[in-house]
Chemist: 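Before we start, here is the structure in question, set down as structure tokens.
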Amino acid sequence: MTTDLNTVPAMPPGERARVPLSQRLQGLGGNTRQYGIFGALVVIILLFQVLTDGKLLLANNVASLFQQNAYVMILAIGMVMVIVAGHIDLSVGSVVAFVGGVVAVSIRDLDVPWVLAILIGLALGALVGAWQGFWIAYVGIPAFIVTLGGMLLFRGLALVIVGETVAGLPASFISISKGSLPNALGFVSNADVVTLLVGTLAFVGLLVSQLRARRSLRKHNLHMEASGLFVAKLVLVAAGIAILTVILSFSAGGTPIVLVLVGVLVVVYSFVMGRTVFGRHVYAIGGNRAAATLSGVNTRKVDFWIFVNIGVLAAVAAVVTTARAGAAIAAAGQNYELDAIAACFIGGAAVTGGVGRVAGAIVGALIMGVLNMGLSIMAVDPAWQMAIKGLVLLLAVAFDLINKRRAGS
Amino acid sequence: MDNEHILEMRGITKRFPGVAALQEVTLAVRRGEIHAICGENGAGKSTLMKVLSGVYPHGSYEGDILLDGEAVEFRSVRDSEARGVVIIHQELALSPYLSVAENIFLGNEQAKRGVIDWNRTNAEAGRLLERVGLPEKPDTPVMDLGVGKQQLVEIAKALSKEVRLLILDEPTAALNDEDSAHLLNLIRGLKDQGITSILISHKLNEIEAIADSTTILRDGRTIETLDMHGPERVTEERIIRGMVGRPLDHRFPERTPEIGEEVLRVEGWTVHHPVDHARTVVDGATVAVRRGEVVGLAGLMGAGRTELAMSLYGRTYGARVSGQVFKNGRPVELRTVGQAIRHGIAYATEDRKRYGLNLIDTIQHNISASALGKLTGPGGVVDREREATVAEKYRRDLNIKAPTVQAFAGKLSGGNQQKVVLSKCIFADPDVLILDEPTRGIDVGAKYEIYVIINTLAQQGKGIIVISSELPELLGICDRIYALNEGRVTGELSRDEATQERLMHLMTMDKDGHAR
């Protein structure tokens, strides 16, 4: 920073900034909404725990909650970036069916090793994303139109490739979604030691990263949240991880592999969105595209890569979905785009762009997943389940809007 | 109550948070005349017309409006139109995909029991088009017409409402000479039909040509009303004398200029309108700035100052841009914002909220936005701690009043938002800063602080270009001032030569060198 403005005298002199409390709270970085969503998730879990006579949090139910909803969480990560940038992607469900079909056909009919088939699938996802990103970023067609076209296009291609169900996939491939981490370290009074270890590692990783971030803030003499709040947050998160770990360690398989996959994706993408130039540019163009352009952000390039990225994540979801079904079917991924979009908005993303977090989208997906599972355990008619989920989405966004209006922002 | 005046506005005061846009303004318009209103940018002309037409409803201002000697209280534009007062705004309010006839009767459809009578609509529209001299079919889509013809459609629309008092806000600003002449003739023709017009215009030659009276506003106050047919001929110089002479009540920080080598030179810069490619917005402008120099660009609305700056800054405005840019004497290409920033050019927009800031993000993220590359480690990872330290430094140095740099930009006052925009520009470490209306809409104290920042930057050897509509401000901080009118640089005055009158003279000078 060669520019030095230390010489600027303050005029008029004297007057120090007086800051109202509301503005001080603003200084927390607008996290209140995030806390609210976590709270809502906890309330919904407790509600269904009671309504289902404690069946919701049975070990195997919790494990299958993650296995059933992994696809939404993976898609929601890509979708939240799309939505923050002010776009939408309606094609991911069809892309899941298309890529899943190609992966399954490669394995079964072309004798491609499944690991290679997955890599082919990811490359295909990137290609699909590049195709849509090209039209959106460089031709300037609204994403709504491009991905609506993509929804039809890739569903059609899926039907071409997967004439009838492609079953008979190898067990190792299927275990991506149905399997768990191997129980290599035995049990401690029925609890899977590997799961306990993973949980401990997750907590230690979190603790170390938080403490390092805090130490760095202190070193640079920057504003920190109060240490009481910091400790309270850590204790709450630790408790959450501990409860989840213990429950999962008693489940039939231990830690589902997809949970590890989703966990890694969440950590990586939270980092991308929060700490990298790319992530910053996504928020900048969503918050004010004109200002971002005038700040020298190459908005077209950012738009393009956002869609390449969601293409790849749709391919990951395709692998997870195909593995879970044990087969590729042309109708796979129906309505997945709507699940992912709903998860983002429940998780606090703004319809107008610029606002939204990976963690929020994941919590949004979990809220939908818990609703699904709870209502299923209670044997509520699937038709009513759908209606209830629709209302929850509407109310979540309405609540958010009303809150904002009251806050006058 | 006299019958001579169709309109009297008495003691009109209109306040916006923090400023009084109009103070005790009076305006008396005689029946059947063409009454011109002039004043510098921000003098209050448009605000006064919005009060008159009910855009600002009764109760949101103080004072009385008398129409035909009778007090009126307009609560909306509909109210004023019902009394025959119609305003045509500078930005035309036509729906581009609808036909001429549909636009003329928009909101006033020729219908019976909710069913539109198309024959009557088109026949009526045809008659109105004839009255305004527009040889177009009523079913032509408005988007197929040029701006000049659209202006006539607006007038036809006003006539359909049985207008008695027609208000035209800068009607010729976007028109070429031929269309302007036609429009002015039309206004004269309407006068013969008994329609009174109020004409807001910067073009003094037009006012001299067609106005019967001229009221001059300055800083939200009525200065005088001139009778254009009085014993003493009202010249353009006479009008200019009324328009300028804003009090030099601002204080400006002292500076001893240390002017060095030329850092940026723009030669023969020509820019066309982004949509209407035939319109020249900047016309062969040549402008230069040296290290440590503060250069002003003076001009009235539509003079092409912002267009010049933005087309220069990575072609963010305009089409068919031509001309040459020299940085430190060497020709450079500035085709994208990225190139402009790399060549050390920074631009701070006149419209902070629309183009300057991400209002829903933090001060910190806004400040770093232009030069995030300076804060990244390997793999494009932002060093947040260093970013926060930098932002914190600017918060202190520029005295941005906010609890922390984590506060949202949208929550700050105008002056503090402007300081965030400036921080962003400065952090990119430019050699040339183009500041577009850097003190618009901010209070006097903050203005002073901005001036101090500008001086500090100049002392560091940066070249500064300031665009401002406030002449005293330009006179107070600039070493040299260019005047622009209709896209052309009409003159250049040094600090010692410049006065408000001389600047205004240049700012209203037409192609042939006459003051307008």
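So that the names make sense, note that chain A is the first sequence line, chain B the second, and so on, each numbered from 1.
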Chemist: Considering only heavy atoms and a distance below 4.5 Å, find which of B:Asp383, B:Ile360, B:Asn455, B:Thr376 pairs most often with chain A.
Modeler: B:Ile360

Chemist: Are more than 12 heavy atoms, taken from residues, nucleotides or ligands other than B:Glu258, located less than 6.0 Å from that residue's CD atom?
Modeler: no

Chemist: Applying a heavy-atom distance below 4.5 Å, give me the residues of residues 297-311 of chain A that approach chain B, sorted by number.
Modeler: none

Chemist: What part of B:Tyr313 lies closer than 4.5 angstrom to a heavy atom of chain A: side chain, backbone, both or neither?
Modeler: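 Contact with chain A: side chain only.
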
Chemist: When only pairs under 4.5 Å are counted, which of A:Gly279, A:Ala350, A:Gly296, A:Gly274 shares the most heavy-atom pairs with chain B?
Modeler: A:Gly296

Chemist: Does a sphere of radius 6.0 Å around CZ in B:Arg354 hold more than 12 heavy atoms from other residues, nucleotides or ligands, not counting ones at 6.0 Å or beyond?
Modeler: no

Chemist: To the nearest 0.5 Å, what is the distance between CZ on A:Arg280 and CG on B:Asn358?
Modeler: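 The distance works out to 10.5 Å.
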
Chemist: Heavy-atom count around B:Lys327 NZ within 6.0 Å, excluding the residue itself: above 12?
Modeler: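 Correct, the count exceeds 12.
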
Chemist: In this structure, are over 12 heavy atoms from other groups packed under 6.0 Å from A:Phe144 atom CZ?
Modeler: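 Atom CZ in A:Phe144 is not packed in, count stays at 12 or less.
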
Chemist: What's the separation between atom CD in B:Glu387 and atom CZ in A:Arg275, rounded to the nearest 0.5 Å?
Modeler: 9.5 Å

Chemist: Keeping the roles fixed (side chain from B:Tyr347, backbone from A:Leu294), state whether a donor-acceptor pair exists under 3.5 Å.
Modeler: no

Chemist: Any chance CD of B:Gln459 has more than 12 other-residue heavy atoms, nucleotides or ligands included, within less than 6.0 Å?
Modeler: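 It does: B:Gln459 CD has more than 12 such atoms within range.
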
Chemist: Between A:Ala291 and B:Gly356, which heavy-atom pair has the shortest distance, and what is it?
Modeler: CB-C, 3.8 Å

Chemist: Please round to the nearest 0.5 Å and tell me the distance separating atom CG of B:Leu357 and atom OG of A:Ser295.
Modeler: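 If we round to the nearest 0.5 Å, B:Leu357:CG and A:Ser295:OG are 8.5 Å apart.
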
Chemist: Measure distances from B:Ile341 to the heavy atoms of chain A and classify the residue's part below 4.5 Å as side chain, backbone, both or neither.
Modeler: side chain

Chemist: How close do A:Ala213 and B:Glu385 get, heavy atom to heavy atom, and via which atoms?
Modeler: O-OE2, 4.3 Å

Chemist: Please classify the contact between B:Ser368 and chain A as side chain, backbone, both or neither, with a heavy-atom cut-off of under 4.5 Å.
Modeler: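 Contact with chain A: side chain only.
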
Chemist: Any idea which heavy atoms bring A:Thr293 and B:Val337 closest together, and the distance?
Modeler: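 Where A:Thr293 meets B:Val337 most closely, the heavy atoms are O-CG2, 3.3 Å.
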
Chemist: Checking A:Asn288 against B:Leu359 for the side-chain contact (heavy atoms from CB on, under 4.5 Å) test, could you report, in this order, the C-alpha distance in whole Å, the side-chain angles of both residues, the deciding distance, and whether it holds?
Modeler: CA-CA 8 Å; A:Asn288 186 341; B:Leu359 297 172; 5.7 Å; no

Chemist: What part of B:Thr389 lies closer than 4.5 angstrom to a heavy atom of chain A: side chain, backbone, both or neither?
Modeler: both

